[in-house]
Structure formats: structure tokens, C-alpha cells
Amino acid sequence: MELWLVRHADAGAPLPGAEDDARALTPRGRRQCFRIVRALAHLGAGLDHVRHSPLLRAVQTAEALVPALSAHGTTAVDGGLARAPDHALVARLAAEGVERMAIVGHEPWLGALAFWLASGWSAEAPERQPAWLELEKGGVLQLTGTLASGEMRLRAVYPRRALRLLARG
Amino acid sequence: MPKSRLRTRELRSLAARACIRRDPDAVHELRRTASRLAARLALGGQRVLRDDLRWLRRSVAEARDLDVLLARDDVEPSLAAWLEREREAEQGRLVERLDLARSEALAEALERLPDPDDDAARRALAELSRRARHAGDDFARTTGADETVRVSAHRLRRRLRRLRHALEWSDVHCEPVRVAQDDLGRVCDDALLARTLERARSSGLSVEPACHLERAIEAGLERARGRWPALRAHLTALASTDGPWPDDGGR
């Protein structure tokens with residue numbers, strides 16, 4: 001399968017006293033989303049499923065990915081994407097049984113999940129992890145293979161700059 | 001408190017109540033609240049979270065159907081006992097399906113959504129009205145009461161329900177839509193009982209055939225067709241994105 005890990009787009013900096021979970025995308029973040037969708041279209045990634053965290057910035061990023069969904073594509077919210085990844089999350093993602101899935105989440109958990117799927121080093125014990133992956137906001141990682149610990153291959157990293165170029169076609 | 005937050009609180013508590021024990025009111029209100037929140041997403045033109053709300057509604061759909069049948073006073077005792085056993089078994093399946101972690105994540109996501117802006121909501125209401133009108137035109141062209149006609153009536157009922165909840169959310173007069181939805185609801189409930197009778201008979205239960213129900217369904221469908229032109233005119237007025245809303249004092 002193809003798995004696209006998308007870090008939520010720009011939502012500004014957390015403000016003192018404001019609820020961090022309710023931070024909305026900025027206009028810049030919305031432009032980043034637009035480029036992700038254009039880039040995914042350019043890469044021929046018609047998505048079967050979009051899974052996203054319940055935090056507002058991830059919900060809004062997932063909403064922006066809707067044009068990349070295939071005609072019968074579905075979306076689902078998953079609280080497991082707003083915390084460190086665990087076996088239950090990986091099992092739920094695998095149970096979806098689709099060929100092309102995008103996951104919209106947050107750092108450091110998205111990078112930990114990618115590292116886990118590609119290397120087999122469990123993200124449940126981050127102190128023993130020998131290396132880290134970290135996505136910038138509005139960045140995308142592509143993995144291929146079977147959705148299980150150590151069974152996926154890191155195929156490509158698309159930082160915002162690359163997405164901007166791809167979006168131009 | 002904003003409406004979204006209030007409804008989301010209800011969603012949380014109703015999902016928990018429906019799981020803890022057999023609670024027909026909680027199941028009914030959970031489906032209704034999920035439907036209202038789906039209408040709110042439609043008003044904001046949002047696609048994400050609709051599948052989750054659909055999942056929530058479907059998780060309790062079978063239990064709700066059985067509760068509706070058990071609440072009727074025209075169900076013979078042997079069928080009532082059979083329905084009772086089915087509902088008891090369904091409670092276990094409902095608890096398995098109704099994953100509380102997913103409904104909690106859904107509630108978290110919903111309560112943070114900003115309210116839809118008025119212009120977008122107005123355009124969405126017009127679109128929902130057009131969709132209901134389209135389903136109604138299809139239904140009005142049917143004759144008789146066979147399965148395809150019932151499917152068409154059910155589709156119209158669903159679209160009217162979505163429109164009604166969106167109108168209620170926007171504080172726009174919705175009485176004609178509500179009345180039509182309730183009328184079709186009674187027909188669909190009779191059709192549900194007729195199907196359930198067949199299922200019970202095929203599982204070996206000795207119950208009377210559903211002749212009186214078939215007559216009631218035919219009459220109900222005919223009545224709904226007769227009332228369609230007036231409802232259509234109302235939907236046409238709602239489908240206009242400019243000018244005052246119909247029958248609401250021009251607010």
C-alpha cells in the first residue's frame with residue numbers, strides 16, 4: 001500500500017491563554033494545503049482514505065485534502081493521532097484495508113510513526129530509538145509496503161519547497 | 001453556550017448511555033444529535049467528520065429500528081417476544097460497534113469547529129433544498145408501492161430530514177418540511193414492520209401476513225404524492241439564495 005503522512009499546515013504559534021487544540025490554519029497554512037493537494041494530484045495519488053487527528057488544525061488540513069480523495073474515498077477521525085503512536089493505532093490503520101491512505105497528524109508523533117513503520121523500532125520506547133524523522137509543517141512523507149512495524153519502506157520526503165515545485169506542475 | 005458545543009456534549013453523554021444499558025431514548029437521541037451535527041457540517045460545506053457521524057448513526061441503526069417496532073401497539077405478542085430477543089442480542093453488538101474512543105475523538109473534533117458563516121450557510125441551505133426537491137420529483141413520478149418506490153420515498157425522507165435539521169440549526173421556519181418528513185416516517189416505519197414480519201416468518205415464527213400494512217403503506221405513499229406540489233413550491237422558495245425565507249416573517 002501507499003501511505004502518505006502529512007503534518008498539519010501552518011496554524012501560527014500557540015498564544016498564551018488560548019486553547020492550543022483549537023488553533024486554526026492561517027492563510028499561509030491554507031496555501032500550503034492547496035499545494036499539497038496539487039502535488040498529490042501531480043504524483044497520481046488518488047486517496048482511498050484520509051485519517052486525521054481531532055485537533056482543529058489537523059481537521060482543517062484533512063478537509064483541504066478532500067479533493068485528493070477518490071470517488072468512494074472515506075475519512076475518519078482518530079484520537080490516536082494526537083498522541084504518541086501505539087500498537088492499537090497501527091492495528092486500526094492496517095484494519096482499514098485500503099491501498100492508498102493519507103494520515104494527517106502532528107510532530108513528534110508522525111515522525112515516530114514513520115520511523116516505526118519503516119524500521120521496526122517501536123515508537124512506544126522513544127528513548128531507545130537510534131534516529132528520528134521530523135516533518136516540517138505542511139510537509140509530506142511517502143511510505144510503501146505492508147502497514148505493519150518494520151514492513152514499510154520510506155519512499156520519499158516532500159518538504160514544502162518540493163511540494164511548491166510539484167504543485168506548479 | 002454555542003450550539004455546536006452543546007450538541008457535542010449531548011453526543012458524548014448519549015453514546016455513553018446507549019452503551020451502558022439498553023436505553024431506547026438514548027439511542028434515538030444519539031441518532032438525532034448525530035444527524036443535526038451532520039446538518040451543521042453541511043451548512044459549513046465540510047466533508048471531513050461526516051463519515052464518522054454516519055458511522056455513529058449506523059452503529060445504533062438496527063437497535064433503533066427494533067425499538068421503533070417494540071414501541072408500536074399493533075404488534076402481536078409472539079412477534080413482540082421475538083423482537084425483544086432480537087433487541088437484547090443487538091445490545092451486545094451495539095456495544096462492540098460503538099467504539100467510545102472513536103466517538104470521543106469525533107466529539108473533540110466537532111466541538112472545536114468554528115461556526116459556519118452566514119453566506120456559506122445560506123448557499124448550503126439552498127443546495128439542500130434543491131437536493132430534497134430533486135428526490136421529491138423522482139418520488140412523485142412513481143406509482144404503486146413496490147420496493148423501488150419505497151426506496152425512493154426513503155431517499156426523500158432522508159433528504160428532508162437533513163434539510164429540516166439544517167433549517168432548525170439556522171433558526172429558519174421548517175414546519176412544512178417537518179410535517180412531510182414525519183408523514184413519510186410513518187410510511188417507512190410501516191414498511192420496516194412489513195419487512196421484519198417477513199424476516200420473522202422466514203425464521204420460523206408463526207405470524208399473520210402483513211396485508212393491512214401493505215394497504216397502509218400504499219395509502220401513505222399516495223397521500224405523500226398528493227401533497228408533493230405544495231411541498232415542492234416551499235422547497236423552491238427555500239432554494240432561492242436571495243430574498244426572504246418563506247413563511248418566517250421575512251427575517
Side-chain angles (χ1 to χ4, degrees), chain A residues 6 8-9 11 14 18-26 30 33 37 47-83 86-89 91-93 95-96 98 101-106, chain B residues 1-12 15-16 19 30 33-34 37-61 96-117 120-121 123-124 127:
Chain A
V6 181
H8 68 83
E19 197 189 350
D20 181 59
D21 295 354
R23 267 195 293 142
L25 293 187
T26 59
R30 294 193 178 278
C33 288
V37 173
L47 301 170
D48 302 316
H49 185 67
V50 174
R51 197 88 162 192
H52 59 90
S53 121
L55 274 54
L56 182 59
R57 52 194 182 276
V59 172
Q60 291 180 325
T61 303
E63 183 69 47
L65 292 186
V66 165
L69 271 177
S70 59
H72 298 289
T74 56
T75 76
V77 63
D78 196 318
L81 291 170
R83 56 178 180 264
D86 55 19
H87 285 282
L89 171 69
R92 281 197 301 277
L93 296 176
E96 205 57 51
V98 295
M101 186 193 302
I103 290 177
V104 182
H106 313 267
Chain B
M1 182 185 293
K3 239 185 255 185
S4 293
R5 201 158 273 214
L6 189 69
R7 292 280 177 236
T8 306
R9 275 193 183 180
E10 283 173 13
L11 195 76
R12 275 196 171 100
C19 279
L30 179 62
T33 302
L37 285 162
R40 179 251 170 271
L41 292 179
L43 286 174
Q46 281 147 329
R47 163 70 173 77
V48 163
L49 302 176
R50 284 199 213 179
D51 291 341
D52 301 279
L53 285 167
R54 191 176 299 123
W55 157 79
L56 196 61
R57 284 179 56 80
R58 284 185 180 167
S59 298
V60 296
E96 269 176 35
R97 275 197 304 266
L98 198 55
D99 168 7
L100 286 180
R102 184 172 177 188
S103 39
E104 177 55 31
L106 172 60
E108 274 181 50
L110 285 165
E111 72 185 354
R112 291 179 188 122
L113 285 179
D115 284 333
D117 73 70
R123 283 194 303 275
E127 178 58 24

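Side chains included, hydrogens not; waters and symmetry mates left out as well; all remaining heavy atoms used. The chains referred to below are lettered A, B, ... by the order of the sequence lines, with proteins before strands, and numbering in each begins at 1.
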Selection residues 59-77 of chain A - residue pairs positive for salt bridge (Lys or Arg N to Asp or Glu O under 4.0 Å), sequence neighbours left out: none
CZ-OG1 distance between B:Arg47 and A:Thr74, expressed to the nearest 0.5 angstrom: 7.5 Å
Among A:Gly79, A:Ala76, A:Ala22, residue most engaged with chain B (heavy-atom pairs, under 4.5 Å): A:Ala76
Greatest number of heavy atom pairs closer than 4.5 Å to chain A - which of B:Ala109, B:Ala101, B:Ala107: B:Ala109
Do you know which two heavy atoms are closest between [X] and [Y], and how far apart they sit?
X: A:Leu56; Y: B:Pro114; result: CD1-CD, 4.0 Å
X: B:Arg102; Y: A:Thr75; result: NH2-O, 4.5 Å
X: B:Ala105; Y: A:Asp78; result: CB-C, 4.3 Å
X: B:Leu49; Y: A:Val77; result: CD2-CB, 4.0 Å

Side chain to side chain, B:Gln46 and A:Val59, heavy atoms closer than 4.5 Å: no
Which residues share a salt bridge (Lys or Arg N to Asp or Glu O under 4.0 Å) with B:Arg58, sequence neighbours left out: none
Part of A:Leu55 lying under 4.5 Å from any heavy atom of chain B: both
